[in-house]
Amino acid sequence: MPKVAVHAAQPRAGGSDPSTRPGVDPATRRPYDRWKRLLDVVGALLVLTVGAPLFAAVALLVLVTHGRPVLFRHTRPGLHGELFDVVKFRTMRHPDPDRGLVTDAQRLTRVGRWLRASSLDELPEFWNVLRGEMSVVGPRPHLVRYLDLYDAEQARRHEVRPGITGLAQVRGRNALSWTAKFASDVEYVDRRSFLLDLRILLTTVRVVLSREGISAPGAATWHEFTGNDQPPAPSAAADRDAAPRR
């Protein structure tokens, strides 16, 4: 997949390992990054293998309630702005103006709400982890069009691989303001360690079970990021299951 500029002040170069990229500040490299990748691979293999029956059950449920395709793919920026397709289980019906299925709230099904509340829709992202496009823990991958809206500090969230869960997710998920989310993302970049990842994983279990912060206030999912914390019209948040890509 191609790369896009995250910020003019941050040069780009090839490769997937931060320690081998020209133009990357050596201060951002940490010994834990290599161990983290190994732990990601082991963890993803374990989840994909042991969780296979659960994956099959959720896929069947999505097929019955939403039809094909079962998986939703959407291009997101990852490590150093490299684009990849994030994979999730579908939680919305296809857009259909004739049936009144236009906004997130209209397209989101009861099964889809349950999948999101339980975070089961995120399970296929372990395939992205195995491929090296994501990590188990890291800043959540947002939309490509947000890249031009980040300031230099916010853009630092792309110094590490995006994650299935992260510091912002255990602090409030979609209920947080964008400013708070990005501050948590950059804090993770600066503080990342095995103990922090372990704490985030353990807290994620509590957050998922308690169903905290599933949606932003007044939105079916979240408010669109516009470069500040002022939410736009509620209908502008349609991104998670926009028309599935063939």
Side-chain angles (χ1 to χ4, degrees), residues 1 6 16-19 28-48 51 72-89 115-116 118-144 146-147 150 153-176 178 180-208 212-214 221-222 225 239-240:
M1 297 289 286
V6 174
S16 59
D17 187 337
S19 64
T28 66
R29 307 170 191 164
R30 299 191 180 188
Y32 174 60
D33 290 339
R34 292 186 180 276
W35 286 105
K36 179 179 174 68
R37 178 61 192 145
L38 176 61
L39 293 172
D40 280 339
V41 171
V42 173
L45 285 173
L46 184 63
V47 171
L48 292 171
F72 162 72
R73 301 173 185 273
H74 201 271
T75 301
R76 303 291 173 92
L79 179 66
H80 300 292
E82 186 168 356
L83 302 184
F84 71 100
D85 283 345
V86 67
V87 185
K88 303 181 183 183
F89 284 119
L115 289 175
R116 291 187 181 194
S118 61
S119 294
L120 290 175
D121 65 318
E122 310 280 357
L123 287 177
E125 291 178 12
F126 281 97
W127 175 247
N128 292 118
V129 173
L130 191 60
R131 286 171 53 89
E133 298 159 335
M134 293 182 65
S135 177
V136 175
V137 180
R140 286 294 298 166
H142 291 312
L143 302 183
V144 175
Y146 290 177
L147 293 175
Y150 296 147
E153 184 70 5
Q154 293 167 345
R156 293 190 56 228
R157 65 194 310 278
H158 291 284
E159 292 178 8
V160 297
R161 287 182 177 87
I164 296 176
T165 186
L167 199 55
Q169 281 59 55
V170 300
R171 287 178 171 175
R173 298 171 76 177
N174 288 329
L176 290 181
W178 282 109
K181 287 181 185 178
F182 295 146
S184 295
D185 292 342
V186 174
E187 181 182 343
Y188 176 79
V189 170
D190 291 335
R191 294 180 52 206
R192 66 189 186 276
S193 66
F194 173 75
L195 290 179
L196 179 58
D197 280 5
L198 182 60
R199 182 163 64 86
I200 290 173
L201 287 172
L202 293 176
T203 307
T204 296
V205 175
R206 177 186 62 76
V207 170
V208 170
E212 297 175 4
I214 298 170
T221 53
W222 55 20
F225 177 56
D239 99 276
R240 288 190 61 173

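Just so you know, residue 1 is the first one in the sequence shown, and it goes up from there. Quantities reported herein were computed from a predicted structural model and do not represent experimental measurements.
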Got a second to check how far Glu159's CD is from Leu79's CG, nearest 0.5 Å? 9.5 Å
Do Thr204 and Gln169 come close enough that some side-chain heavy atom pair is under 4.5 Å? no
Does Arg161 use its side chain to pair, donor to acceptor, with the backbone of Val129 at less than 3.5 Å? no
With sequence neighbours excluded, residues passing side chain to side chain contact (heavy atoms under 4.5 Å, CB included) with Ser193: Leu195, Leu196
Tell me every residue that passes salt bridge (charged side-chain N to carboxylate O under 4.0 Å, His left out) with Asp197, counting only those two or more places apart in sequence or in another chain. Lys36
Which heavy atom of Leu176 sits nearest to which heavy atom of Ala168, and what is that distance? CD1-O, 3.4 Å
Determine the minimum heavy-atom distance between Leu83 and Pro77, stating which atoms define it. CD2-CA, 3.8 Å
Just by distance, do the side chain of His158 and the backbone of Gly78 share a donor-acceptor pair under 3.5 Å? yes
The criterion is side-chain hydrogen bond (donor to acceptor under 3.5 Å, both in side chains); which residues satisfy it with Arg131, sequence neighbours excluded? Glu133
Between Glu125 and Arg76, is the closest basic N to carboxylate O distance under 4.0 Å? no
Testing the basics here: between Val170 and Thr203, what is the closest heavy-atom pair and its distance to 0.1 Å? CB-CG2, 3.7 Å
Hey, is the main chain of Gly166 close enough, under 3.5 Å, to the side chain of Tyr188 for a donor-acceptor pair? no
Applying side chain to side chain contact (heavy atoms under 4.5 Å, CB included) to Val186 and not counting sequence neighbours gives Glu153, Arg156, Asp190
Rounded to the nearest 0.5 Å, the CZ atom of Arg199 sits from the CG atom of Leu201 at a distance of 11.0 Å
Donor-acceptor pair, distance only, cut-off 3.5 Å: does the side chain of Asp121 make one with the backbone of Phe89? no
Sorted by chain and number, sequence neighbours left out, side chain to side chain contact (heavy atoms under 4.5 Å, CB included) with Val47 holds for Phe55, Phe126
Heavy-atom nearest pair, Phe84 first then Pro141, reads CZ-CB, 4.2 Å
Heavy-atom check, side chain of Arg140 versus side chain of Glu122, under 4.5 Å: yes
Heavy-atom closest contact (His142 atom, Tyr146 atom, distance): CB-CD1, 3.6 Å
Going by side chain to side chain contact (heavy atoms under 4.5 Å, CB included), name the residues that satisfy it together with Leu45, two or more places apart in sequence or in a different chain. Val41, Leu130
Nearest heavy-atom pair of Val136 and Asp40: which atoms, and what distance? N-OD1, 3.2 Å
Walk me through it: do Arg171 and Glu187 pass the test salt bridge (charged side-chain N to carboxylate O under 4.0 Å, His left out)? CA-CA 12 Å; Arg171 287 178 171 175; Glu187 181 182 343; 2.9 Å; yes
Kindly indicate, with the supporting measurements, whether the criterion side chain to side chain contact (heavy atoms under 4.5 Å, CB included) is fulfilled by Asp33 and Arg192. CA-CA 9 Å; Asp33 290 339; Arg192 66 189 186 276; 2.8 Å; yes
A side-chain contact here means heavy atoms from C-beta on lying under 4.5 Å apart; do Lys181 and Phe225 qualify? no
CD1 of Ile200 to CD1 of Ile164: how many Å apart, nearest 0.5 Å? 13.0 Å
